[in-house]
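What's counted below: heavy atoms across the whole structure, side chains too, no hydrogens, waters or symmetry copies.
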Amino acid sequence: MKMTESKEISIPDEVKGYTQNRLDVDLSTGKITKTEMTPEFCRDWIGGYGFGAKVLWDELKPGVDPLGPENVFVWAIGPFPGTILPTSSKYGVFAKSPLTDMFGMAISSGSIGAQARRAGVNMIVVKGKASEPSYLVVDDDDYYLENCEDTVWGKGCWETEEILREEFQDQRLAVLAIGQAGERMSRMACITNDRNRQAGRTGMGAVMGSKNLKAIAFRGTKPISVAYPKEFYQLAKKLIKVANGPATSKYRDLGTPAGLTSYNKLGMMPTNNYREGTWDKITEGEFTGETLNEDWVVKKVACSQCSIACDHLARVPVSHPDWPNLVASVDVELLYGFGTNCGNADWPSVFKCITLCDDYGIDAISGGVTAGMACELFEEGIITKDDLGYELPFGSSKNLVKFTEQMILGEGFAGEIFGDGTRKAGERLEEMGRKNASYYGMHIKGLEMPAFDLHGMTSFAVGESVSIRGACHLRNGAYGLDAKGKFDRFAYDKPIERGNAIIAVEDIYAVIDSYIICKFTRGVYEDDDEMAKVYELVTGIPHTGASINKRGAAIVNLSKCFNIREGWTRDDDHPPEKFFKDAHTKGPAKGVTLKEKGYQKLLSGYYKARGWDEETGIPTEETLKDLGLDFVIGNLEAKGGKK
Amino acid sequence: MSKAKIRKRAGKIHQFIMVDPDLCTGCETCESICSFVHDGVFNPINTRIHRVRVEPVFNIALACQKCEDAPCIRSCPEKALEKEDETGNIILIEDKCNGCGFCIRACDFGVISLHLDTQKALVCDLCEGMKEEFIDPEVGEREPQCIILCPKEAISLKNVEQIGEETRFDAVRRLFSDQINEYES
């Protein structure tokens, strides 16, 4: 389908679902203005990710310091929050990332989306920097900034939320906030809301901190109407039931930690900072999803409007000497970060590290991977007890907690060196003359890697490397191609076919991130047409499976173009060197390393399948025109910014 | 809702929405549905069932308990609330309600509120007042939609006798498991 056809997608007299209200917040002047987004903008950019990509392309000056006042911070939802569409209460944040110096984005859920939608906002664009620590309030049509130097500044995310709820005398007040890490602009800083939900990745909390923006509080009382109430109710009822059926049982029952066992079997569970892909603590049943659920999980809770309830709350018993009664929100990524990847099977210390990240406010994936790097550097003798003040071999538990707290708060050697993630840690250590330190930082484009060991994952080696926001499993989910055996995961054949398979998921994921709904519900829709149907029933705009996928491709391409403008080159789409040099000593991928030539062949295949230049990886004019991205043509020259 | 099997107590029905906190995940779906099927728009401010989350782990939702000697009825200065014997529901006589909110103060469970648009009292009516267009054609009659849609089947409609009976059975199965299991295959 050509873009001209997308323009032919008719827009009803009254668009539903969207509020179409955009708030512009200039923190430097304190001025807040409200404008109306056009129905065409909503149709073409859908919501969340799409809105963020378009606004950042249009309004962010290339090459700016991501932690300077010129960075643009976008908060956005799509048309669904506040309806009963399963997992619809999601929001996204977008800015130039201080971790990658490229397109930054993170998505969270909880109650924010629904409350904000009832307040009537669809998008907030924050520019400049407040002269004093402030938080933004969106209370129906009252928008204002409040000084918080003496109230919540300096407080953790959890306490900030509690204090603001007390202040507003409203336990349902939706609060997204940064913690101490965001205030000090740790490049790993996240945004926390509803205690256990994080917009974690790419340092969006640091961008808020750089703007002196501590929090945004939402509440609203406005009704939400949909274009076809009766038909929507019928379909939503079905989707709610399916979303609690077999399609999502893996997220509900053992939860994502079930992956500890399944990925361990494939040799793809990163252990000891990717030295190995299997771990005897998993094989022997000590550190598995089953053990977690039997011994530690006390409750599973849900975000607003979610039928699945994937949030597994684990509790440390009251009799524990160090962290009695601690409750942590756990998933596989965090058990990888502070568990397998640090060689730490002591559950309570893993839970403690997770809560430190969530409360003080850093991304627990980046935090865990940075801690794993520190453990390996310690084992290699590149950092020592004299540096840290304590030992930190793989398998540390109490010392790992100590390290994590210092890393988050920027204290001591751990904080000074590791407080901004793996890439900065490597640079800082090498500046100190600690040779080869960067080698142990497991990141792509500066973003720390999620829980997949790329030794023996040739398709995902490409999928994870081409991800717009840096190392990420949620941009195209190509790990599934390796895990499910769609292609030979040790081979480098079928570059175009693999490229197309990655793209097929990447485009619909871009739609899902724009709607925004949870990827856990992708399987509840019969097909993409049904996913488009629900959009039409809510908004009145008749998209189809084909037309939403086309928009997904446009959104991926536009954010890619953002990266190119910031100085992206082909070399940035590359897994860490470790995968090419050091192999596992045991397990299914024993002795296997990625091969440079083969990897580059698959990467070119992906570019070609995308309609990008096979060599440079830059979208061709033909591709840009086909996607209606004519406004990008001639504006792709690198303006710097990437270091 | 089918009334054939509802147990009466001395000719009266006393049944209400009950939520199991072990099953409730706090997803708020019940609130959104309640407002939608009554008003045709989503707005949980206008719900008759209310989710309560006490961090970090406790979740439940509460709705009208249908008290026999209901404080809301006693307290209403306009006599706008009445008990309907046939269903056990507490019903609002809209013309009489002046939105003073005294019933909200009187209710021991905090499950009465005022509708944002009409400023009249909202009490769980077990969906007797839901819009016709949302009735499931396969069911053909009104039934509490929060029960139908709760993803975790945490919500049920219980008669006071039934609650005690279920609890007694649970207790007996727990206390006399050996004797009982002896006869179970």
Does the pair B/Lys152 and A/Arg252 meet the rule for a side-chain contact (heavy atoms from CB on, under 4.5 Å), with working shown? CA-CA 11 Å; B/Lys152 301 300 178 191; A/Arg252 286 181 276 121; 3.2 Å; yes

Could you go through A/Lys300 and B/Thr25, starting from their C-alpha distance and side-chain angles, then the distance that decides it, and tell me whether this counts as side-chain contact (heavy atoms from CB on, under 4.5 Å)? CA-CA 6 Å; A/Lys300 296 168 197 169; B/Thr25 65; 5.6 Å; no

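With a 4.5 angstrom heavy-atom cutoff, B/Phe36 touches chain A only via side-chain atoms. There is no contact between A/Gln171 and chain B, counting heavy-atom distances below 4.5 Å. Contacts between B/Leu116 and chain A at a heavy-atom distance below 4.5 Å involve the side chain alone, from C-beta outward. For B/Asp22, the part lying under 4.5 angstrom from a heavy atom of chain A is the backbone only. With a 4.5 angstrom heavy-atom cutoff, B/Leu149 touches chain A via backbone and side-chain atoms both. For a residue to count as touching a neighbouring chain, one of its non-hydrogen atoms must lie under 4.5 Å from one of that chain's; by this rule A/Leu313 touches chain B with the side chain only. Heavy atoms closer than 4.5 Å to chain B are found nowhere in A/Arg117, neither backbone nor side chain. Residue contact with chain A, scored on non-hydrogen atoms closer than 4.5 Å, is absent for B/Cys30. The contact between B/Glu55 and chain A is made entirely by side chain atoms (from C-beta outward), counting heavy-atom distances below 4.5 Å.
Of all non-hydrogen atoms in B/Phe42 and A/Val226, the two that sit nearest each other are CE1-CG1, 4.0 Å. Nearest heavy atoms, A/Val327 versus B/Val57: CG1-CG1, 4.1 Å. The shortest heavy-atom contact between B/Val41 and A/Pro223 is CG2-CB, 3.6 Å. Closest of all the heavy-atom pairs between A/Gly220 and B/Ile45 is O-CD1, 3.9 Å. The two residues B/Thr29 and A/Ile240 come nearest to each other via the heavy atoms CG2-CD1, 4.1 Å. The shortest heavy-atom contact between A/Lys299 and B/Cys24 is NZ-O, 2.6 Å.
With rounding to the nearest 0.5 Å, the separation of OG in B/Ser32 from CG in A/Leu85 is 11.5 Å. Taken from CD in B/Gln145 to NZ in A/Lys237, the straight-line distance is 5.0 Å, to the nearest 0.5 Å. The distance from the CD atom of A/Gln305 to the CD1 atom of B/Ile33 is 8.0 Å, given to the nearest 0.5 Å.
Around the NZ atom of B/Lys120, the shell of radius 6.0 Å holds more than 12 heavy atoms that belong to other residues, nucleotides or ligands. Annotation for B/Glu84: atom CD counts as buried by contact number, over 12 foreign heavy atoms lying within 6.0 Å. Residue A/Lys238 qualifies as enclosed at atom NZ: its count of foreign heavy atoms under 6.0 Å is above 12. Residue B/Arg74 places its CZ atom among more than 12 non-hydrogen atoms of other residues, nucleotides or ligands, all under 6.0 Å distant.
Side-chain contact between B/Arg53 and A/Arg195 is absent, with no heavy atoms from C-beta onward closer than 4.5 Å. Counting heavy atoms from C-beta outward, A/Arg315 and B/Pro56 have side chains that stay 4.5 Å or more apart.
Note on ring orientation: taking the six-membered ring where Trp is involved, the planes of B/Phe134 and A/Tyr233 are perpendicular (angle over 60°, cut-offs 30° and 60°).
Tested against B/Pro151 for a side-chain contact (heavy atoms from CB on, under 4.5 Å), the candidates A/Pro86, A/Ser307, A/Cys306 yield a single pass: A/Ser307.
Counting heavy-atom pairs under 4.5 Å between each of A/Asn196, A/Val298, A/Asn244, A/Ile308 and chain B puts A/Asn244 at the top. By number of non-hydrogen pairs under 4.5 angstrom with chain B, the leading residue of A/Arg118, A/Glu162, A/Gln234 is A/Arg118.
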